[in-house]
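Comments concern the structure below.
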Amino acid sequence: MSNVTSRHWKQQQRTRLRELRQQIPAVQRALWNDAITAALTQGFPILKNQRIGFYWPHQGEYDPVPAMTDLRTRGATLALPEVIGKEEPLRFIEWWPGAPMKKDIYGIPLPDNTREITVDSIIIPLLGFDEQGYRLGYGSGYFDRTLATMNPRPLAIGVVFEMLRLPTIHPQQHDIPMDYIVTEQSILCRTDAGLVPLAVADCAAKNSFIGD
């Protein structure tokens, strides 16, 4: 698929998947949110000892605030992304419950003038995802640029509802796959052969802090 054709196809999928996500009934969304939160907090013990980049929920995305609150009570340092330029990587600034907030150029809340954090892991919202662990985002490329510039690269965990899975997103050279994808149904680990489901306990064993 050519770059031009790929961009057109992806834009069509973004529109379709966004509409599909917005149609999820509130009760169902709440159940799915709870399932993803449980998988994140139970399947990745290492997160409680880390500096984690999260995001503020927008347009029907999985709501990570309960997971953020839980992980912070267990010792994690949390941050939210800030757009500093259209072609620039994101920077992450510290967040805590009650932190002063403002809205960015997209109208999304972010901390107001808190300190910048170098993160160990990033929890990334996916508009869609494919069988190889690639993410379909909103088209601005911020997370791909951010991951490409960070050394060492942080652990990248995508969060998304299972109904937004695609066979492929037709990834281009700049697309960076997730290390894990968490849905309301399972934790998926990326391997050379594609996504492989992991039980929560197995994922926890692979992602435990040495001191646990």
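Annotation for Pro109 and Met101: closest pair CB-CE, 3.8 Å, computed over non-hydrogen atoms. Between Gly133 and Leu195 the shortest heavy-atom distance is CA-CD2, 3.6 Å. Closest approach of Thr149 to Thr146, counting heavy atoms only: OG1-O, 3.0 Å. Taking every heavy atom of both residues into account, Ala156 and Ile124 meet most closely at CB-CD1, 4.3 Å. Taking each heavy atom of Ile93 and Pro111 in turn, the nearest pair found is CD1-O, 3.3 Å. Shown here for Arg153 and Leu147, the closest heavy-atom pair between the two residues is CG-O, 4.2 Å.
Atom-to-atom distance recorded for Ile122:CD1 and Met150:CE is 5.0 Å, nearest 0.5 angstrom. With values rounded to the nearest 0.5 angstrom, Met163 atom CE is found 9.0 Å from Leu17 atom CG. Separating the CZ atom in Phe92 from the CZ atom in Arg115 is a distance of 15.0 Å, to the nearest 0.5 Å. With values rounded to the nearest 0.5 angstrom, His8 atom NE2 is found 10.5 Å from Gln13 atom CD. Rounding to the nearest 0.5 Å gives a distance of 10.0 Å between CD of Gln185 and CD1 of Ile36. In this structure, CD in Glu184 is found 9.5 Å from CG in Asn33, a value given to the nearest 0.5 Å.
Annotation: side chain of Thr183 is not in contact with side chain of Tyr62 (no heavy-atom distance under 4.5 Å). Ile123 is not listed as a side-chain neighbour of Phe44, based on a closest heavy-atom distance of 4.5 Å or more. Using a 4.5 Å heavy-atom cutoff, the side chains of Pro100 and Asn113 are not in contact. Pro97 has its side chain within reach of Arg72: a pair of non-hydrogen atoms, C-beta onward, lies under 4.5 Å apart. Lys102 has its side chain within reach of Glu82: a pair of non-hydrogen atoms, C-beta onward, lies under 4.5 Å apart. Between Val159 and Tyr55, the closest side-chain pair of non-hydrogen atoms falls below 4.5 Å. Side-chain contact between Lys206 and Tyr180: present, with at least one pair of heavy atoms (C-beta onward) separated by less than 4.5 Å. In this structure, the side chains of Pro154 and Asp120 stay at 4.5 Å or more apart for every pair of heavy atoms.
In this structure, Thr191 contributes its side chain and Ala193 its backbone to a donor-acceptor pair below 3.5 Å. Within the 3.5 Å criterion, the main-chain N or O of Leu127 finds no donor-acceptor partner in the side chain of Arg135. Side-chain atoms of Glu61 come within 3.5 Å of backbone N or O of His58 as a donor-acceptor pair. The backbone N or O of Gly60 sits less than 3.5 Å from a side-chain atom of Arg29, completing a donor-acceptor pair. In this structure, Asp130 contributes its side chain and Leu166 its backbone to no donor-acceptor pair below 3.5 Å. At distances below 3.5 Å, at least one donor-acceptor pair connects side-chain atoms of Asp175 with backbone N or O atoms of Gln172.
Residues Asp179 and Arg190 are not paired through a salt bridge, judged by the lack of any N-O separation under 4.0 Å between the basic side chain and the carboxylate. Comment: Glu162 engages Arg165 in a salt bridge, judged by a side-chain N to carboxylate O separation of less than 4.0 angstrom.
Cluster membership for Leu110 and Ile52, using ILVMFWY side-chain heavy atoms within less than 4.5 angstrom, is not shared. Clustering ILVMFWY residues whenever any of their side-chain heavy atoms sit less than 4.5 angstrom apart, transitively, puts Trp96 in a cluster other than the one holding Trp56. The same ILVMFWY cluster, assembled from side-chain heavy atoms under 4.5 Å apart, contains both Leu198 and Leu40. Note: the hydrophobic cluster containing Val160 also contains Trp32 (ILVMFWY, side chain heavy atoms under 4.5 Å, direct or indirect links). In the hydrophobic clustering of ILVMFWY residues, with side-chain heavy atoms under 4.5 Å counting as a link, Ile117 and Leu71 come out together.
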*Kindly indicate, with the supporting measurements, whether the criterion side-chain hydrogen bond (donor to acceptor under 3.5 Å, both in side chains) is fulfilled by Arg21 and Gln59.*
CA-CA 8 Å; Arg21 190 174 65 189; Gln59 295 186 346; 4.5 Å; no
*Please walk me through it: do Asn207 and Leu155 pass side-chain contact (heavy atoms from CB on, under 4.5 Å)?*
CA-CA 10 Å; Asn207 293 279; Leu155 180 69; 4.2 Å; yes
*asked:* Using the rule given for side-chain contact (heavy atoms from CB on, under 4.5 Å), can you reason through Phe54 versus Val65, listing the C-alpha separation, both sets of side-chain angles and the distance that settles it, and then say yes or no?
replied: CA-CA 9 Å; Phe54 271 93; Val65 175; over 6 Å; no
*Using the side-chain contact (heavy atoms from CB on, under 4.5 Å) rule, take Leu126 and Leu164 through it: C-alpha gap first, then chi angles, then the decisive distance, then the call.*
CA-CA 9 Å; Leu126 316 184; Leu164 305 175; over 6 Å; no
*Applying side-chain contact (heavy atoms from CB on, under 4.5 Å), run through Met178 and Leu188 and close with a yes or a no.*
CA-CA 10 Å; Met178 301 293 95; Leu188 303 165; over 6 Å; no
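Across Thr118, Ile84, Val83, Val119, a single residue satisfies side-chain contact (heavy atoms from CB on, under 4.5 Å) together with Arg91, and that is Ile84.
For the ring pair (Phe, Tyr, Trp, His ring centres under 6.0 Å) condition, no pair includes a residue of residues 99-143, sequence neighbours left out.
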